[in-house]
Amino acid sequence: MTDVLISASELADLLKTEPCVVIDTRNPDAYGAGHLPNAVNVHDIFTYLATSTPEGIHELKTKFADAFGAAGLSGKETAVVYEQSMNSGFGQSCRGYYLLTMLGYPKVKVLHGGFDAWAAAGFPVTKDVPAPAKASFAIVPEAGDILIDAKTMLGAVGKPGIAILDVRDVDEWIGDSSSPYGKDFCPRKGRIPGAVWLEWYRMMKPTAEGPRFKSKDEILAECATVGISQTTPVYLYCFKGARASNTFLALKNAGVKDVRMYFGSWNEWSRDPSLPIEQGLPVAAQVTGKAA
């Protein structure tokens with residue numbers, strides 16, 4: 001696949017040569033303080049909490065097809081999504097990339113390094129708010145295969161060959177906190193049974209310019225530590241699909257072929273008492289060949 005990530009200088013060139021719609025996912029205050037020229041603010045990309053019922057998925061698709069259309073996307077333009085930096089917005093620009101991909105939008109880029117990278121490179125920043133012409137694009141139903149529901153995730157529990165990958169912060173993984181919004185935001189703390197864990201930060205590394213995604217081989221090395229290769233089907237989750245979108249982008253860029261996301265994530269799973277969870281500290285996997 002072509003790289004989804006685009007550097008600030010590459011974006012500056014692209015804006016001169018191709019029709020683009022730039023989407024700022026930050027909160028309205030940050031946007032109002034200064035943004036990329038002609039960028040449209042769509043903060044709902046980050047805040048919207050989805051459920052994976054058929055009605056919930058229909059509402060998710062309709063809401064964002066409308067929001068992206070209102071931002072001026074017709075299918076002809078390249079959608080360029082950005083946040084403040086790669087680790088300050090819980091992967092919200094990547095959540096925009098995931099939503100557009102799930103709708104079947106043909107051309108999507110994420111600004112690598114976010115607004116910080118653009119500003120640091122000395123490119124223009126404005127407070128002018130554009131008035132985009134409303135557009136629309138066709139939703140591609142089969143593109144939605146990257147979105148899985150709670151039932152599909154439940155079906156993967158205990159199924160050999162599918163990696164259930166939890167990318168939440170460590171306090172959530174060990175069942176100390178239920179969410180990034182507070183320890184008791186959700187009714188239950190813990191993990192989806194059988195999940196393996198790679199904290200989403202591990203897809204990135206610090207650089208002099210701020211956090212950037214690791215190389216393809218470095219990401220594959222991280223995946224190998226939990227038994228994931230390019231051919232392993234991966235079902236991702238986090239709390240509401242933002243951090244997992246950051247990992248989704250990393251894994252797709254690294255050539256992992258079948259990556260899907262349970263977008264309802266822990267926010268939905270923990271609220272349904274019929275769904276199984278593992279609680280407390282994770283138990284170390286039994287080392288093979290030794291007596292238990």
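Cation-pi geometry between Arg191 and Trp197 is not met: the NZ or CZ atom fails to fall both under 6.0 Å from the ring centre and inside 45° of the normal.
For Phe115 and His35, the gap between ring centers reaches or exceeds 6.0 Å.
Ser178 OG to Lys189 NZ: the interatomic distance, rounded to the nearest 0.5 Å, is 6.0 Å. Considering CG of Leu165 and CZ of Phe248, their distance stands at 12.5 Å, rounded to 0.5 Å. Note that CG of Asp184 and OG of Ser177 are 7.5 Å apart. Values are rounded to the nearest 0.5 Å. Separating the CG atom in Asp149 from the OH atom in Tyr262 is a distance of 8.0 Å, to the nearest 0.5 Å. In this structure, Lys159 NZ and Leu154 CG are separated by 11.0 Å, a value rounded to the nearest 0.5 Å. For the atom pair Phe68 CZ and Lys63 NZ, the distance stands at 10.0 Å (nearest 0.5 Å).
The two atoms that bring Gly241 and Ser265 nearest to each other are N-OG, 3.9 Å, heavy atoms only. Considering all non-hydrogen atoms of both residues, Asp116 and Ser85 come closest at OD2-CB, 3.5 Å. Scanning all heavy atoms of the two residues, the minimum distance from Leu249 to Cys94 falls at CD1-SG, 3.9 Å. Nearest heavy atoms, Met153 versus Ile148: SD-CD1, 4.3 Å. Here the shortest heavy-atom pairing between Ala65 and Ile139 reads CB-CD1, 3.7 Å. Cys238 and Ala242 make their closest contact through SG-N, 3.5 Å (heavy atoms, listed as atom of the first residue, atom of the second, distance).
Thr232 places no side-chain N or O within 3.5 Å of a backbone atom of Val234 that could act as its donor or acceptor partner. Side-chain atoms of Glu199 never come within 3.5 Å of backbone atoms of Val167 as a donor-acceptor pair (strictly under, hydrogens ignored). A distance-only check finds no donor-acceptor pair linking the side chain of Arg95 to the backbone of Gly91 [under 3.5 Å]. Checked by atom type and distance alone, the side chain of Glu278 never pairs as donor or acceptor with a backbone atom of Gly190 at under 3.5 Å. Between the side chain of Glu77 and the backbone N or O of Ser74 there is at least one donor-acceptor pair closer than 3.5 Å. Remark: side-chain polar atoms of Asp44 are not paired, donor with acceptor, to backbone N or O of Thr47 under 3.5 angstrom.
Ile45 and Leu36 fall into different hydrophobic clusters, where Ile, Leu, Val, Met, Phe, Trp and Tyr side chains are chained together by heavy-atom contacts under 4.5 Å. Leu103 and Val21 fall within the same hydrophobic cluster, where Ile, Leu, Val, Met, Phe, Trp and Tyr residues are linked whenever their side-chain heavy atoms come under 4.5 Å apart, directly or through other members. A continuous path of hydrophobic side-chain contacts links Trp269 to Phe263 [ILVMFWY only; heavy atoms under 4.5 Å]. Note: the hydrophobic cluster containing Leu11 does not contain Tyr105 (ILVMFWY, side chain heavy atoms under 4.5 Å, direct or indirect links). A continuous path of hydrophobic side-chain contacts links Phe90 to Met86 [ILVMFWY only; heavy atoms under 4.5 Å].
Between Glu59 and Thr62, the side chains place no donor N or O within less than 3.5 Å of an acceptor N or O (distance only, hydrogens not considered). Tyr181 and Lys240 form a side-chain donor-acceptor contact under 3.5 Å, judged by distance and modelled atom types alone. Between the side chains of Glu268 and Ser52, at least one donor-acceptor pair of N or O atoms lies under 3.5 Å. A side-chain N or O of Ser274 and one of Asp272 form a donor-acceptor pair less than 3.5 Å apart. With hydrogens and angles left out, the side-chain atoms of Tyr201 and Asn87 include no donor and acceptor closer than 3.5 Å.
Residues Thr25 and Val42 form no side-chain contact, since every pair of their non-hydrogen atoms from C-beta on lies 4.5 Å or further apart. Contact annotation: the side chain of Trp266 never approaches that of Glu172 to less than 4.5 Å [non-hydrogen atoms, C-beta and beyond]. Contact check for Tyr235 versus Ile192: no side-chain heavy atoms found under the 4.5 Å cut-off. Using a 4.5 Å heavy-atom threshold, the side chains of Ile277 and Ser270 count as separate. Using a 4.5 Å heavy-atom threshold, the side chains of Val170 and Asp176 count as separate. Looking at Asn253 and Ile219, their side chains never come closer than 4.5 Å, going by heavy atoms from C-beta outward. Between Tyr98 and Leu147 the shortest side-chain heavy-atom distance falls below 4.5 Å. Side-chain contact between Thr247 and Leu198 is absent, with no heavy-atom pair separated by less than 4.5 Å.
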**Study point:** Evaluation steps, side chain to side chain contact (heavy atoms under 4.5 Å, CB included), between Arg26 and Gln92
**Key:** CA-CA 8 Å; Arg26 299 174 301 160; Gln92 65 194 61; 4.2 Å; yes
Practice item. Go through the steps for Leu111 and Ser93 under the test side chain to side chain contact (heavy atoms under 4.5 Å, CB included), then give the verdict. Key: CA-CA 8 Å; Leu111 175 57; Ser93 59; over 6 Å; no
Exercise for review: Show the numbers, then the answer: is there a salt bridge (Lys or Arg N to Asp or Glu O under 4.0 Å) between Asp169 and Arg243?
Suggested key: CA-CA 9 Å; Asp169 292 23; Arg243 291 169 291 179; 2.9 Å; yes
Exercise for review: Using the side chain to side chain contact (heavy atoms under 4.5 Å, CB included) rule, take Ile146 and Thr101 through it: C-alpha gap first, then chi angles, then the decisive distance, then the call.
Suggested key: CA-CA 8 Å; Ile146 61 171; Thr101 304; 3.9 Å; yes
Practice item. Could you check Ile6 against Leu14 for side chain to side chain contact (heavy atoms under 4.5 Å, CB included), going step by step and ending with a plain yes or no? Key: CA-CA 9 Å; Ile6 187 168; Leu14 187 73; 3.8 Å; yes
Check your understanding: Would Thr225 and Glu222 count as a side chain to side chain donor-acceptor pair (under 3.5 Å) if you check the C-alpha gap in whole Å, the side-chain angles of each, and the deciding distance to 0.1 Å?
Key -> CA-CA 5 Å; Thr225 65; Glu222 295 287 1; 4.7 Å; no
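Remark: of the listed residues Phe46, Trp200, Phe185, Trp173, Phe185 is the sole one forming a ring-ring contact (aromatic ring centres under 6.0 Å, His included) with Phe239.
A salt bridge does not link Glu10 to Lys109: none of the charged side-chain nitrogens sits closer than 4.0 Å to a carboxylate oxygen.
With a 6.0 Å radius and a threshold of 12 heavy atoms from other residues, nucleotides or ligands, Lys76 has its NZ atom at or below the threshold.
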